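Labels below follow one simple rule: chain letters A, B, ... track the order of the sequence lines, proteins then strands, and each chain is numbered from 1. None of these values were measured; they are calculated from a predicted model.
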There are 2 protein chains.
Amino acid sequence: MTSMNSPELGTRARNENVILEAAEHVFACHGYRGASVQAIAEAAGLPKSNVLYYVGSKRKLYVALLERMMSRWNAMLDDISEDDDPGEVLEGFIRSKMRLTQRHPQGSRLFAAEVLQGAPFLQEYLHGELREWVRARARVFEHWADKGLMDPVDPVWLIFLIWSATQHYADFEAQILGITDKTALGESEYRSVTEFLCHVILKGCGVRSAARVGPSRDRQAIQSKETI
Amino acid sequence: MTSMNSPELGTRARNENVILEAAEHVFACHGYRGASVQAIAEAAGLPKSNVLYYVGSKRKLYVALLERMMSRWNAMLDDISEDDDPGEVLEGFIRSKMRLTQRHPQGSRLFAAEVLQGAPFLQEYLHGELREWVRARARVFEHWADKGLMDPVDPVWLIFLIWSATQHYADFEAQILGITDKTALGESEYRSVTEFLCHVILKGCGVRSAARVGPSRDRQAIQSKETI
DNA sequence: GTCTATAGTGAGATAGAC
DNA sequence: GTCTATCTCACTATAGAC
């Protein structure tokens with residue numbers, strides 16, 4: 001039992017945090033196999049063996065990071081109903097996904113690397129929870145199309161479009177920086193891209209943009225999920 | 001000198017082909033560091049040391065694969081002028097990129113893994129050739145917007161949207177298969193996705209679809225509800 | 001020209017010192 | 001509870017046998 005852990009964390013808690021951040025970076029860059037405990041330790045500024053002391057094993061560390069990322073992801077996925085406004089829902093969808101990418105680019109890349117190698121640690125999640133979530137959304141989109149509120153596009157492809165277009169700014173950051181000749185993606189780029197995606201995707205699906213009279217209300221509501 | 005090399009390739013040519021295919025798979029899955037020559041050799045069905053005999057080193061093998069992929073990529077990038085039809089150009093752009101993804105998913109994933117680790121082998125290409133190509137296209141898109149042929153969207157974001165939306169079906173194949181409960185993406189899925197993307201992106205940018213028999217044909221193609 | 005045996009390095013993990 | 005010294009194994013690469 002640590003008697004004092006706030007605001008000063010104990011050695012363990014402090015080191016574990018440092019290790020998690022360092023490991024997220026290294027795993028994101030090089031994937032599970034390509035990441036070495038040595039490299040993680042160097043990024044964390046700790047002796048290699050201390051890393052293994054704190055986290056147990058490379059595998060446990062990786063799983064912990066994946067779980068942390070999936071909980072961020074899940075926190076983003078609110079439920080919707082067919083009574084909701086398509087424009088508001090799609091915009092909120094794009095905005096929250098983009099915010100996830102912006103706030104956790106390392107975690108997003110970690111996820112990408114995991115999927116790239118065939119998602120061996122996420123099979124259950126993809127085939128279960130996430131699949132059902134997508135199906136539920138897809139049904140709502142189809143209802144909207146039946147009611148003439150949007151074009152009859154394939155709802156699953158639409159979800160993948162939003163995921164890919166936003167995810168891209170984490171996974172392909174190196175390419176984007178090279179082409180745009182920047183050294184980092186800042187708030188202004190993320191704002192600009194988000195507006196662009198909202199415009200193209202909503203219009204492209206034949207959805208009226210969410211009422212611009214009170215966008216501030218939506219914005220606030222969306223942004224209140226500060227924990228993400 | 002090999003006296004007979006057609007139609008039967010010599011041992012070297014045959015083995016090199018096998019190695020390239022195997023290596024593309026392994027590098028795509030695990031990235032440069034995560035890939036081991038051992039794993040490549042097993043995938044190729046050859047003794048580990050033979051692989052090194054044929055290709056020289058792990059690094060040379062990786063570079064050769066990247067170059068092969070970049071030449072495929074470059075072969076896809078035709079020039080355009082402001083006199084061209086925006087709908088035709090954008091559709092051709094989407095279709096050819098999607099075809100690249102479909103024909104070379106391993107290569108696409110290899111490229112993704114390279115960019116994910118910060119594109120250390122592609123810095124020159126990204127900052128040079130590719131950057132100029134994007135700038136040239138962007139200027140044409142802006143001319144079209146000035147002439148009222150499309151919405152005044154950011155042309156660079158538009159290019160990234162097309163790249164990301166198509167690339168996704170290689171890089172995140174494992175996620176897509178998990179969610180849609182399929183074991184592989186076939187011709188019909190790729191056709192369906194391509195029609196969807198053409199519809200949404202062109203319409204979303206305010207571009208008239210390239211001349212077709214009729215709009216009914218597009219709708220039919222778009223709406224294949226058998227996705228999930 | 002093709003392949004095997006082996007060297008040399010760096011990996012993940014742990015027993016035990018502080 | 002925290003960290004160091006060390007073990008074992010898998011990796012890339014090569015020298016030399018066929």
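- For DNA chain C, the neighbouring residues in residues 46-61 of chain B, judged by any heavy atom under 4.0 Å, are B:Pro47, B:Ser49, B:Asn50, B:Tyr53, B:Tyr54.
- When the P atom of D:dT12 is taken as reference, atom CD1 of B:Ile19 falls 14 Å away, rounded to whole Å.
- Using a 4.0 Å cut-off between charged side-chain N and carboxylate O, A:Glu173 and A:Arg109 make a salt bridge.
- Atoms CD (B:Gln38) and P (D:dT14) sit 18 Å apart, rounded to a whole Å.
- Rounded to whole Å, the distance from CZ on A:Arg33 to C1' on C:dG10 is 17 Å.
- Under the rule for a ring-ring contact (aromatic ring centres under 6.0 Å, His included), A:Tyr53 has no partner lying at least two apart in sequence or in another chain.
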### Task
Any chance you could lay out the salt bridge (charged side-chain N to carboxylate O under 4.0 Å, His left out) test for A:Glu124 and A:Arg131, step after step, and finish with the verdict?
CA-CA 10 Å; A:Glu124 202 186 351; A:Arg131 177 158 183 254; over 6 Å; no
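- Considering only the side chain of B:Ser36, D:dC11 comes nearest among D:dC3, D:dC11, C:dA11.
- Between A:Glu195 and A:Arg95, at least one side-chain nitrogen of the basic residue sits less than 4.0 Å from a carboxylate oxygen of the acidic one, meeting the salt-bridge criterion.
- Within 6.0 Å of atom CZ in A:Arg33, 12 or fewer heavy atoms from other residues, nucleotides or ligands are found, so the atom counts as exposed in its surroundings.
- Across all strands, A:Ala41 comes closer than 4.0 Å to no nucleic acid atom at all (heavy-atom distances).
- At a threshold of 4.5 Å between non-hydrogen side-chain atoms, the residues A:Tyr190 and A:Arg99 do not count as touching.
- A close approach under 4.0 Å does occur between a side-chain nitrogen or oxygen of A:Arg12 and OP1 or OP2 of D:dT2.
- Between B:Glu16 atom CD and C:dG1 atom P the separation is 13 Å, expressed in whole Å.
- Within the 4.0 Å cut-off from OP1 or OP2 of D:dC3, at least one side-chain nitrogen or oxygen of A:Asn15 is found.
- Nucleic acid contact for A:Ala39: none, since no nucleic acid atom lies under 4.0 Å from a heavy atom of the residue.
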